[in-house]
Structure formats: structure tokens, C-alpha cells
Amino acid sequence: MPKPIKRIAIVDAGKDTAFVDAVLDFVREDYEFDFVHPRDADYIFHSCMGKDVLKYNGIRIFATGECVTPDFNICDYALGFDHIQFGDRYCRLPLIKLFKDAYSTFLKPRPDPEEILNNKTGFCAYVMSNTKNSAPERETIFNALSEYKQVDSGGKWHNNVGGPVRDKIAFQSAYKFVLAVENYSAPGYLTEKFAQAAQSNAIPIYWGDPTITQYINPKAFINCNDFSSMDAVVSRVREIDCDDEAYRGTLSEPWFINDEEPPEWKNTQFSNFLGNIFDQPHQLAYRRNLSRWGLKYEKRHFE
């Protein structure tokens with residue numbers, strides 16, 4: 001039986017249309033997608049890089065990799081970071097889920113910690129290229145740890161390894177610890193940085209989502225939010241760095257609490273959400289306010 005064909009467009013996403021492609025991967029087994037001009041699309045995926053979505057009448061689905069709360073006066077549905085509920089209109093999708101290779105690390109048995117430790121040749125790695133309009137904690141944590149031991153910086157920012165590295169995971173895999181620092185701290189905003197540190201078989205030193213331990217085992221990493229000061233963070237890092245048994249013990253901890261993937265992070269959560277949108281009769285799938293008051297709001301937003 002042929003798959004239903006859905007006419008899709010992507011607007012206001014800049015060059016990052018790969019984000020929407022990754023979202024659609026959750027339902028590619030069930031639908032074919034025909035990417036068309038937005039004026040001809042039945043479903044318009046949009047992000048936060050503009051207001052072009054307001055020009056078109058298709059069913060609007062907000063999806064972004066940025067820490068931006070969706071405006072449900074503009075969109076019909078949204079996939080975002082916030083811990084909110086809004087009927088069938090919203091699904092929380094942390095960015096960490098869309099980096100499939102890195103995320104798969106959490107679903108596999110953890111490698112032998114002794115073997116991992118034997119292959120570590122460096123102390124701590126950091127790959128970061130942009131500090132513009134980002135959290136000052138990125139620099140604060142790097143500088144504090146660097147007073148204990150050199151942190152090897154493989155990105156464009158403060159590079160001290162002879163130039164930006166080509167393979168982030170290969171670079172990080174040589175180090176016992178990896179800095180995973182978000183560009184902003186907000187509940188639910190959990191990106192690929194933590195997963196890529198885990199993929200490198202290192203202990204993540206994490207700062208960002210204050211709700212991360214609702215899902216990730218706090219014994220498996222160093223959470224800067226748990227400490228009252230940077231000195232306390234560095235003290236904990238030093239403690240594990242100087243004690244091979246403690247290091248191996250941390251590497252032995254499961255990534256997920258109770259060693260189970262959270263139900264809200266399972267693929268079915270997202271395939272069911274999208275399937276509900278696509279399976280409804282098209283005219284019944286609209287959720288935004290299409291009355292004159294909704295149109296007035298859009299007009300003010302557009303201006």
C-alpha cells in the first residue's frame with residue numbers, strides 16, 4: 001500500500017533545514033514528503049529566523065534548535081524545549097534526540113571502564129567556537145578548570161591545539177573529561193553537547209539545563225548546577241581525576257535513571273505527535289485562532 005504524500009515547506013529556518021529533516025525522520029516510514037513552495041504546502045514547518053510563515057495559510061508547525069518558546073497564536077503545533085503542556089498542540093523535543101549517533105550512546109551498554117581509562121591520554125577537552133551573545137559560564141568554567149590543569153581547546157575559541165579539530169568526537173575521545181556547556185541555561189534546553197561528551201566515552205562536565213537530572217543519572221557526570229561555586233566544581237573534578245577507582249566508578253554508572261530511556265524521549269512520542277497532525281482531515285488539523293482576532297494579532301506581529 002503506498003504511503004500518504006504530505007506537501008511540506010520549511011520557512012524562517014535560515015540554512016538549518018536539516019533540523020526539520022531530522023524531525024521528519026520519526027515518521028518517514030509512514031509518509032512520503034513532497035517539498036514544495038510554501039504557498040502550495042499543506043504543512044509549513046517554521047523556526048524563529050523570520051516571519052515569512054505569516055504569509056502562508058498551511059498548517060504551521062514550529063520546530064527549532066534554539067532556546068525559543070513557541071507562540072501558539074502563530075503556530076498550530078510546536079516541538080520545543082519548554083516543560084509545558086498544551087493539549088495535542090505541543091510536544092517537548094530536546095535537541096539531544098536529533099543527534100542520532102551521539103544519542104545512541106545512551107541506549108547501549110557502557111564499555112569497560114578499565115579499557116576506557118587505559119586509552120585516555122589527556123585531562124579535559126573543550127570544543128567551542130562562538131561566545132557571542134552566549135552564557136559567560138562558558139568562559140568561567142573553562143578558566144577555572146584551566147587553573148588546575150590545561151584544558152585543551154579544539155574549537156575556534158581560545159584554540160591551543162594548533163587549529164580547529166576536524167573530528168570533534170575523535171578529539172574528545174582522548175580525554176578523561178569533556179566540557180559540555182550550553183549557550184544558555186533554561187529548563188528543558190538540552191542540546192547535543194552532553195550527548196557528544198558521552199559519545200566520546202568521557203565524563204561530561206555539564207552546565208545548562210537545570211532539569212537534566214530528571215532524565216540523566218546524576219552519578220554519571222559532573223553537574224555544575226549542583227555546586228555552590230566554581231571552586232567546588234574544580235575540587236570535584238580534581239577528586240575524580242586523582243582517583244582511578246572513582247573515575248572508573250563514574251564511567252560504570254548508567255546514563256539514564258534506572259537505566260531506562262525516559263518514556264517522553266522514546267521515538268514513539270514524536271511519531272505519535274506528528275502522526276496525529278498528518279492523519280487528521282486537513283481542515284480539522286488547524287489549531288491557531290483563525291478569527292478576526294487571531295488575524296489582528298498576526299498583523300501586529302508582522303508589522
Side-chain angles (χ1 to χ4, degrees), residues 96 102 105-106 108-128 131 135-155 157-162 165 167-182 185 190-210 212-259:
I96 196 173
T105 301
F106 301 134
K108 303 172 184 175
R110 297 209 64 173
D112 177 46
E114 186 68 35
E115 183 178 346
I116 292 174
L117 181 56
N118 290 339
N119 289 324
K120 297 299 185 183
T121 58
F123 163 59
C124 184
Y126 192 28
V127 179
M128 196 265 286
T131 58
E137 282 80 3
R138 284 184 157 186
E139 297 188 46
T140 300
I141 296 170
F142 175 86
N143 291 334
L145 277 176
S146 296
E147 291 183 7
Y148 165 56
K149 282 185 179 180
Q150 175 173 309
V151 177
D152 286 352
S153 180
W157 180 80
H158 282 271
N159 186 280
N160 56 11
V161 295
V165 297
D167 188 327
K168 180 179 181 180
I169 304 304
F171 170 70
Q172 292 182 163
S173 294
Y175 294 84
K176 296 174 69 177
F177 302 89
V178 167
L179 282 178
V181 186
E182 308 288 10
S185 177
L190 180 58
T191 75
E192 79 284 359
K193 297 175 180 64
F194 187 95
Q196 290 176 340
Q199 186 183 11
S200 305
N201 286 323
I203 295 178
I205 301 172
Y206 180 77
W207 179 88
D209 180 4
I212 185 174
T213 52
Q214 291 181 13
Y215 310 98
I216 301 295
N217 176 11
K219 296 179 181 179
F221 70 106
I222 296 172
N223 185 5
C224 294
N225 289 325
D226 287 343
F227 298 89
S228 60
S229 68
M230 280 299 105
D231 286 343
V233 172
V234 175
S235 178
R236 178 57 178 160
V237 172
R238 181 190 295 111
E239 180 182 340
I240 297 177
D241 182 40
C242 295
D243 185 340
D244 286 350
E245 184 176 350
Y247 186 83
R248 289 190 295 265
T250 304
L251 291 180
S252 300
E253 288 287 338
W255 287 113
F256 289 131
I257 294 172
N258 297 324
D259 203 14

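This structure is a prediction, so every number in the text was calculated from the model and none was measured. Computed from heavy atoms alone, side chains included, the values below leave out hydrogens, waters and symmetry copies.
Within the model, atoms CG of L190 and CD1 of I216 stand 6.5 Å from one another, a figure rounded to the nearest 0.5 Å. Separation of atoms CD1 (I257) and OG1 (T213) is listed at 6.5 Å; rounding is to 0.5 Å. Atoms SG and CD1, from C124 and I141 in turn, are 10.0 Å apart once rounded to the nearest 0.5 Å. The distance from atom CD of E253 to atom CZ of R110, rounded to the nearest 0.5 Å, is 8.5 Å. One finds the OG1 atom of T121 at 6.5 Å from the OH atom of Y175 (value rounded to the nearest 0.5 Å). Taking CH2 of W157 as the start and CZ of R138 as the end, the distance is 9.5 Å to the nearest 0.5 Å.
The two residues V151 and N160 come nearest to each other via the heavy atoms O-ND2, 3.0 Å. Closest non-hydrogen pair, D152 versus Q150, comes out as OD1-NE2, 2.6 Å. Residue P254 comes nearest to D259 through the heavy atom pair CB-OD1, 3.4 Å, listed as atom of the first residue, atom of the second, then distance. For V233 against C224, the heavy-atom pair with the smallest separation is CG1-SG, 3.9 Å. The shortest non-hydrogen separation linking L251 to P113 is CB-CB, 3.8 Å.
Counting heavy atoms from C-beta outward, E147 and V234 have side chains that stay 4.5 Å or more apart. Taking 4.5 Å as the limit, every side-chain heavy atom of F142 sits out of range of all side-chain heavy atoms of V181. Looking only at side-chain heavy atoms (C-beta outward), D209 and E182 stay at 4.5 Å or farther from each other. Contact of the K120 side chain with the Y247 side chain is registered, since non-hydrogen atoms from C-beta on lie closer than 4.5 Å.
The aromatic ring centres of F177 and F123 sit less than 6.0 Å apart.
For the pair D241 and K149, the salt-bridge criterion is met [side-chain N within less than 4.0 Å of a carboxylate O].
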Could you go through residues 194-205 and list every donor-acceptor pair under 3.5 Å that involves a side-chain atom there, pairing it with any protein atom two or more places apart or in another chain?
| from | atom 1 | to | atom 2 | distance (Å) |
| --- | --- | --- | --- | --- |
| Q196 | OE1 | K168 | NZ | 2.7 |
| S200 | OG | Q172 | NE2 | 2.9 |
| S200 | OG | Q196 | O | 2.8 |

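Checked by atom type and distance alone, the side chain of N159 pairs as donor or acceptor with a backbone atom of S153 at under 3.5 Å.
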Let me see the working for Y206 and I222 under side-chain contact (heavy atoms from CB on, under 4.5 Å), right down to the final yes or no. CA-CA 6 Å; Y206 180 77; I222 296 172; over 6 Å; no
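For E114, the salt bridge (Lys or Arg N to Asp or Glu O under 4.0 Å) test picks out R248, with sequence neighbours left out.
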